[in-house]
Number of protein chains: 2
Amino acid sequence: VPRTMGDRIWAVYEIRAATRRTGDSRARKLAVEQTVEVPAAHVPPASRAMVGVIESLEKRGARHWRVTYSYDHAVVGDSLLQLFTLLFGNASLARGVRLAGLAMPNVLLDRFRGPAFGIPGLRRLCAVPARPLICAAAKPIGLSSAQLAEICSAFALGGADIVKDDHGLANQVNAPFRERVARCQDAVLAANATTGGNTLYFPNLARGGEQAFDDLEFARGIGCRGVLLSPLLIGPDTVRAIAARGEVAILAHPAFTGGLLQASHGIAPEVLYGTLFRLSGADGVIYANAGGRFPFGIDGCLAINRALRTALGKLPPSCPVAGGGIDAKRVPYWISRYGPDTMFLVGSSLYSQRDLRAATARLMDSVKRTGNG
Amino acid sequence: VPRTMGDRIWAVYEIRAATRRTGDSRARKLAVEQTVEVPAAHVPPASRAMVGVIESLEKRGARHWRVTYSYDHAVVGDSLLQLFTLLFGNASLARGVRLAGLAMPNVLLDRFRGPAFGIPGLRRLCAVPARPLICAAAKPIGLSSAQLAEICSAFALGGADIVKDDHGLANQVNAPFRERVARCQDAVLAANATTGGNTLYFPNLARGGEQAFDDLEFARGIGCRGVLLSPLLIGPDTVRAIAARGEVAILAHPAFTGGLLQASHGIAPEVLYGTLFRLSGADGVIYANAGGRFPFGIDGCLAINRALRTALGKLPPSCPVAGGGIDAKRVPYWISRYGPDTMFLVGSSLYSQRDLRAATARLMDSVKRTGNG
């Protein structure tokens with residue numbers, strides 16, 4: 001992506017094609033498919049400027065080409081979902097097409113605005129100016145609201161910065177949403193009163209449509225300062241709408257995203273989690289870390305971290321949240337790899353230590369020692 | 001999936017594993033990952049009933065196994081998004097896991113309710129009791145509202161049953177949402193007044209969050225009887241919430257779904273488009289037809305058709321909408337393959353005939369002859 005991009009959207013794709021000729025033909029078809037979606041010969045004059053311009057086409061491997069498009073930002077208008085459609089709407093239905101890079105003009109970045117808090121805001125909410133942040137997860141489903149509140153209490157007494165709901169906690173009969181969220185929030189506040197600490201409880205909003213905003217109002221009303229959202233389920237534009245209110249911080253969960261992370265089809269993790277989730281308004285973005293339960297490598301994680309923290313118009317940086325099976329003992333190592341502007345989501349590793357409070361306290365000690373905090 | 005499934009959710013996955021032992025181990029880990037997400041040894045007694053029960057594990061190929069789980073429906077509660085999370089939330093982040101079958105108890109089907117109209121309702125709205133339905137698409141982006149209205153008019157004068165917006169039409173400066181939708185609706189009504197016909201105009205709602213409901217109100221207020229939604233962008237639960245109002249019919253667009261359609265990872269098209277989009281409330285589900293611009297085969301299309309039309313609790317059948325590059329001349333052939341309870345979305349093929357009205361009229365004639373209508 002060039003430094004001078006003018007007012008256009010720049011998108012880079014890796015596409016599969018045997019020769020330059022077939023690559024060029026595929027690239028031209030994609031430009032039409034993603035925008036005007038009528039045969040190239042029948043694009044009316046008023047629509048010609050909407051078709052993606054092929055800025056370059058480079059060979060990247062035996063059967064792989066890298067094509068860079070630029071688009072008039074008018075294609076997107078004021079709809080974040082239309083940006084997703086432009087980038088990977090019908091293209092998702094093809095094979096061997098991977099969005100690998102994205103740059104947007106300020107006019108678009110200013111429109112969607114991104115995180116209301118970002119790293120500085122999360123640090124302010126958590127009252128942690130410099131060290132890495134630690135997030136614990138209240139679970140599992142099946143427990144009563146009282147049992148989940150006890151778990152939240154233990155994490156807060158141990159000094160975790162944030163306790164988030166597991167993304168599977170919704171509005172189940174054993175722990176209905178309002179009862180659960182109220183009890184967990186109360187438990188964390190009570191623990192804070194005991195310790196003098198400042199743990200925050202972020203409930204999961206697992207209902208969409210209008211209900212998402214009712215649930216948000218409830219959580220905010222009882223004092224929650226953040227929520228957990230799964231952007232690809234609740235919808236990226238619902239994330240944006242919640243961020244635009246500026247009331248609560250948002251942690252984005254990667255549920256349902258994995259189909260997009262194929263080696264030769266989909267969206268590069270740094271574009272999906274890094275640029276697109278940040279643009280949607282996530283203050284922190286959870287991803288499955290290298291060396292955990294999921295098959296992701298360190299390079300992708302570093303690329304996500306960079307994308308979340310890099311300059312992007314007036315958007316604040318979003319906080320990388322490494323999760324998906326982080327061993328509490330390895331957190332100091334990951335701090336050395338990822339730096340202090342990172343949140344670590346430690347789940348199972350705390351649960352397997354049984355005494356959640358003591359396990360959390362040990363983890364926080366190690367973070368404070370390592371993280372210079 | 002057994003005939004007597006009790007009150008449980010049954011989900012069938014194809015998983016990659018070299019041996020029965022590794023297959024069994026993967027299956028057990030997935031059961032935990034998708035529900036309680038704590039190490040198996042640390043699942044508290046109250047949560048044990050939430051873990052998926054492995055009902056069977058069968059070899060399906062060299063390195064492929066078919067595992068059938070049953071789950072307590074209490075895992076889902078009243079959240080449609082939590083059903084998506086249960087079925088393919090964290091599992092999406094693994095490799096070689098494909099949801100291939102799904103059956104749900106009536107208690108859950110009754111809760112989410114599905115389409116408000118379904119095939120019978122769409123037929124009622126279109127005043128077409130028996131023959132296949134034809135949908136045309138207003139496009140391309142870049143045109144003014146007046147130009148798009150002219151196109152809608154031509155399709156309506158030609159007698160299309162439905163004219164839907166292209167899924168790329170959002171709220172762009174050249175054709176702002178309200179202006180465009182009002183003009184297109186007016187143009188279709190005026191054409192109907194001329195022909196005595198009954199063409200319906202379905203605008204695309206490309207904005208999510210609260211704005212989706214504002215846009216819906218506007219469209220309904222000026223008399224639109226249906227809308228186009230992309231469930232994986234606007235969010236399946238927003239689709240459900242709009243369907244639950246019972247005010248407008250919903251056509252679901254497959255934008256952004258393609259990452260899920262891998263051969264060995266993702267969700268089988270008949271489960272995604274067939275069961276899940278129908279459950280979310282789509283009255284018609286657009287998919288990329290075999291032999292069109294996208295790489296899908298006939299077997300998948302037939303499976304989608306079956307899943308949309310089959311008995312599913314009290315849900316009405318949803319209408320398969322075959323699109324993605326259907327040649328107008330081939331519609332009679334596809335009618336012979338898919339039967340009359342199908343909608344055909346014909347786009348580019350009409351545009352390349354230039355005279356949209358005449359092209360549409362020819363298509364409608366051929367449908368009425370073939371479709372016994």
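Remember, it's a predicted structure, so these values are computed and weren't measured experimentally. Proteins get letters first, then strands, A, B, ... in listed order; numbering begins at 1 in each.
Using a 4.5 Å cut-off between heavy atoms, B/I242 does not touch chain A at all. Of the atoms belonging to A/L261, it is side-chain heavy atoms, and not backbone ones, that fall under 4.5 Å from chain B. For chain B, the nearby parts of A/N90 are the backbone and the side chain; heavy atoms of each come within less than 4.5 Å. Interface remark: A/F213 contributes side-chain atoms only to the contact with chain B (heavy atom separation under 4.5 Å). In this structure, chain B has a heavy atom under 4.5 Å from the side chain of A/Q262, while its backbone stays farther away. Only the side chain of A/E33 comes within contact range of chain B, with at least one heavy atom under 4.5 Å from a heavy atom of that chain. Residue contact with chain A, scored on non-hydrogen atoms closer than 4.5 Å, involves the side chain of B/F296 exclusively. Interface remark: B/D166 contributes side-chain atoms only to the contact with chain A (heavy atom separation under 4.5 Å). Both the backbone and the side chain of B/H167 come within less than 4.5 Å of a heavy atom in chain A. With a threshold of 4.5 angstrom between heavy atoms, A/V75 approaches chain B through its backbone and through its side chain. Residue A/A49 does not touch chain B at all, counting heavy-atom pairs closer than 4.5 Å. Contacts of B/A41 with chain A are made by backbone atoms alone, with heavy-atom separations under 4.5 Å and no side-chain atom involved. Interface remark: A/R48 contributes no atoms to any contact with chain B (heavy atom separation under 4.5 Å).
The greatest number of non-hydrogen atom pairs below 4.5 Å with chain A, out of B/D72, B/T238, B/D78, B/L87, is found for B/D78. Taking A/A244, A/S230, A/G208 one by one and counting their heavy-atom pairs under 4.5 Å with chain B, the maximum is reached by A/G208. With respect to chain A, the highest number of heavy-atom pairs below 4.5 Å among B/Q34, B/H253, B/R354 belongs to B/R354. If you tally non-hydrogen atom pairs under 4.5 Å between each of A/A241, A/G324, A/A74, A/P45 and chain B, the highest count goes to A/A74. Across A/V239, A/L143, A/V51, the residue that shares the most heavy-atom pairs under 4.5 angstrom with chain B is A/L143. Counting heavy-atom pairs under 4.5 Å between each of A/Q211, A/M50, A/H42 and chain B puts A/H42 at the top. Between chain B and the options A/T35, A/V173, A/L93, the largest number of non-hydrogen pairs under 4.5 Å is found for A/L93. Interface summary for chain A: among B/T85, B/I141, B/V97, the most heavy-atom pairs under 4.5 angstrom belong to B/I141. Most heavy-atom pairs under 4.5 Å with chain A, from the set B/P140, B/A46, B/G77: that is B/P140. The residue among B/A212, B/P176, B/P254 with the most heavy atom pairs within less than 4.5 Å of chain A is B/P254. With respect to chain B, the highest number of heavy-atom pairs below 4.5 Å among A/S349, A/G209, A/P231 belongs to A/G209.
Taking the side chain as every heavy atom from C-beta outward, A/I234 and B/L81 approach each other to under 4.5 Å. Inter-residue side-chain proximity for A/L80 and A/L279 is flagged as met; some heavy-atom pair is nearer than 4.5 Å. The shortest side-chain heavy-atom distance between B/F256 and A/I267 falls under the 4.5 Å cut-off. A/K29 has its side chain within reach of A/S25: a pair of non-hydrogen atoms, C-beta onward, lies under 4.5 Å apart.
Panel note: side chain A/S47, backbone A/V43; no donor-acceptor pair is recorded below 3.5 Å. Without hydrogens or angle criteria, B/S79 side chain to B/Q82 main chain gives a donor-acceptor distance under 3.5 Å. No side-chain donor-acceptor contact under 3.5 Å links A/R180 to the backbone of A/A149. Side chain of B/N204 to main chain of B/L169: a donor-acceptor pair is present (N/O by atom type, distance under 3.5 Å, no hydrogens or angles). In terms of modelled atom types and a separation under 3.5 Å, the side chain of A/Q147 and the main chain of A/S144 share a donor-acceptor contact.
A side-chain donor from one of B/Y273 and B/T257 sits under 3.5 Å from a side-chain acceptor of the other.
Contact check on B/D237 versus A/R207 returns no salt bridge, with no Lys/Arg side-chain nitrogen under 4.0 Å from an Asp/Glu carboxylate oxygen.
For B/R113, the CZ atom counts as loosely surrounded, since its 6.0 Å shell holds 12 or fewer non-hydrogen atoms of other residues, nucleotides or ligands. Atom CZ of B/R28 is surrounded by 12 or fewer heavy atoms from other residues, nucleotides or ligands within 6.0 Å.
For A/Y13 and A/H265, the ring centers are positioned 6.0 Å apart or more.
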